[in-house]
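A short worksheet on the structure shown next.
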Amino acid sequence: MRAHRESLCSIRSISLGYGAYRLRYAHRMSTDALSRRLRHAAPQPSDVRLLLTDADLRIFEAIDRHGPLPTHYLYELTRHLRSNLANLKYRLTHFYNGDANGPYLIRPPRQFAAFDARYQHLVYDLAPRARTLLAERGTLTRHPVRRTDPFLHQLMQACVGISCEITAGKCGLRYISRGEILTRSGATLTIPLPSADRTLTPDDLFGLEYPGHGFRFFAVEVDRSTESIERSNIGQTSYGRKVASYLSILRSGLYRTHWGIPNLTVLTVTTNGTHAANILSNIRRSETGQFAERFLFQAEPTFGVNWRVPRDVLSQLLTGEWMTVSATRSIGEA
């Protein structure tokens, strides 16, 4: 009987201890007037040490590879390793709050400037602790995306990149990342131009392997309609100069010697069809010759003036049609 009472006391003590921990955690949380947790609140470290799984590491590697990513995109990438989306949200919140050693993830504050920020998926980026962990494991990419670009440019570029990666797998294609291309060639993403003292740095570079039909490689430009097509001062950055730079490496074949790839198509994702049509008109007027068909365009209005986090993976990048100077093409088919 005494042993039974001691057992009950032990169970009660464990229960009260867990309840007390939850009360302490809830007390620390920053909430609004309706007692809802503030998404933009500073991290609130937990007393419990965080233990990582293979699925967690894949998330860190994806953010390192592409840039800041929304919750539901990370779920689509690892859904075969997760029970459900709610489970992932729970894990990401813990990685944001961290433990005594700090957080693994951050929530870029610029995302909360969106009009309906409270009602869209949270976006996460890597904290220094996660980068250190990947470096120790030898999985930190040697060719990261630019972190100096504005947040919206980074977000759009990351969503485009990981959408291609996720959709390629669903279509039975192999996605070849920028890191794999540059590691194999031993080159940098920045490519020197054959004339003048200029260089060209795409927003991204990737390839697709079509089983039994070879490979295609793509330079990606993300354009939020903030770059003009033509400017009087040639020294200013404009999309017209980018087109001229791509024409230069296409004509000289420099992409073969520098990046070690057999072909190159330039994909531009912009925020509205009118802007894409204006760029196409500029290409038609240029002396592009046989290379005009190497420039493909698709519009994604989600990242326009009244931007928001995309509701779904941008699968149309592979399954939909891209505009060219003469017709439309799909890059999801060999």
Side-chain angles (χ1 to χ4, degrees), residues 39 52-96 104-112 114 116-127 130-131 134 139 141 144-147 149-171 173-179 203-204 206 208 218 220 222 224 267 269 271 298-304 307-320 332:
R39 289 179 154 198
L52 301 178
T53 66
D54 289 340
D56 300 329
L57 293 172
R58 286 202 61 181
I59 283 176
F60 295 170
E61 292 165 1
I63 297 175
D64 178 46
R65 189 164 58 248
H66 294 290
L69 288 168
T71 303
H72 57 314
Y73 276 52
L74 296 171
Y75 174 66
E76 286 298 325
L77 183 69
T78 60
R79 65 183 307 161
H80 60 292
L81 302 172
R82 301 279 182 191
S83 55
N84 51 58
L85 178 59
N87 173 265
L88 175 61
K89 289 181 177 180
Y90 177 83
R91 294 289 290 173
L92 294 177
T93 298
H94 275 278
F95 293 146
Y96 169 73
Y104 283 107
L105 297 175
I106 63 172
R107 294 171 179 169
R110 184 68 179 84
Q111 67 182 294
F112 302 115
D116 53 354
R118 183 166 186 81
Y119 307 102
Q120 58 189 9
H121 289 282
L122 284 167
V123 177
Y124 288 91
D125 203 351
L126 295 184
R131 297 186 190 282
L134 294 180
T139 56
T141 180
V145 294
R146 290 192 298 268
R147 299 286 179 165
D149 289 330
F151 167 74
L152 285 182
H153 188 99
Q154 291 186 52
L155 177 62
M156 185 176 177
Q157 177 183 332
C159 289
V160 168
I162 201 169
S163 292
C164 292
E165 180 177 348
I166 292 171
T167 310
K170 293 180 179 180
C171 294
L173 309 177
R174 186 172 80 88
Y175 176 84
I176 305 170
S177 69
R178 171 187 64 257
D203 284 326
D204 200 5
F206 76 95
L208 294 174
F218 307 91
V220 180
V222 168
R224 295 191 58 249
L267 306 178
V269 184
T271 56
Q298 196 172 117
E300 178 47 57
T302 305
F303 296 97
W307 68 273
R308 59 164 293 120
V309 173
R311 290 186 172 88
D312 301 296
V313 171
L314 307 177
S315 56
Q316 72 273 14
L317 295 174
L318 260 66
T319 61

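Fair warning: this is a prediction, and the values are worked out from it, not measured in the lab.
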Q. Side chains of T139 and L57: closer than 4.5 Å at any heavy-atom pair?
A. no
Q) Would a distance-only check, ignoring hydrogens and angles, find a side-chain to backbone donor-acceptor pair under 3.5 Å from D64 to T141? A) yes
Q.
Please tell me whether H153 and D203 have a donor and an acceptor in their side chains that are separated by less than 3.5 angstrom.
A. yes
Q.
For R65, is there any backbone N or O sitting under 3.5 Å from a side-chain donor or acceptor partner on R178?
A. yes
**Q.** Passing option when L85 is tested against E76, R79, H121 for side-chain contact (heavy atoms from CB on, under 4.5 Å)
**A.** H121
(Q) Quick check against the 3.5 Å criterion: does R224 have a side-chain atom that pairs as donor or acceptor with the backbone of F303? (A) yes
Q) Is it the case that more than 12 heavy atoms not belonging to D54 sit under 6.0 Å from its CG atom? A) no
Q: Taking the side chain as every heavy atom from C-beta outward, state whether R110 and L155 have any atom pair closer than 4.5 Å.
A: no
Q) Is a donor on one side and an acceptor on the other found under 3.5 Å between the side chain of D56 and the backbone of T53? A) yes
Q. Going by distance alone, is a donor N or O of one side chain under 3.5 Å from an acceptor N or O of the other, for Q111 and Q120?
A. no
Q. Parallel, tilted or perpendicular: which fits the ring planes of Y175 and H66, with parallel below 30° and perpendicular above 60°?
A. tilted
Q: Give a yes or no on whether a salt bridge exists between R58 and E61, defined as a side-chain N under 4.0 angstrom from a carboxylate O.
A: no
Q.
Closer than 3.5 angstrom, by distance alone: can the side chain of Y73 be matched with the main-chain N or O of D312 as a donor-acceptor pair?
A. yes
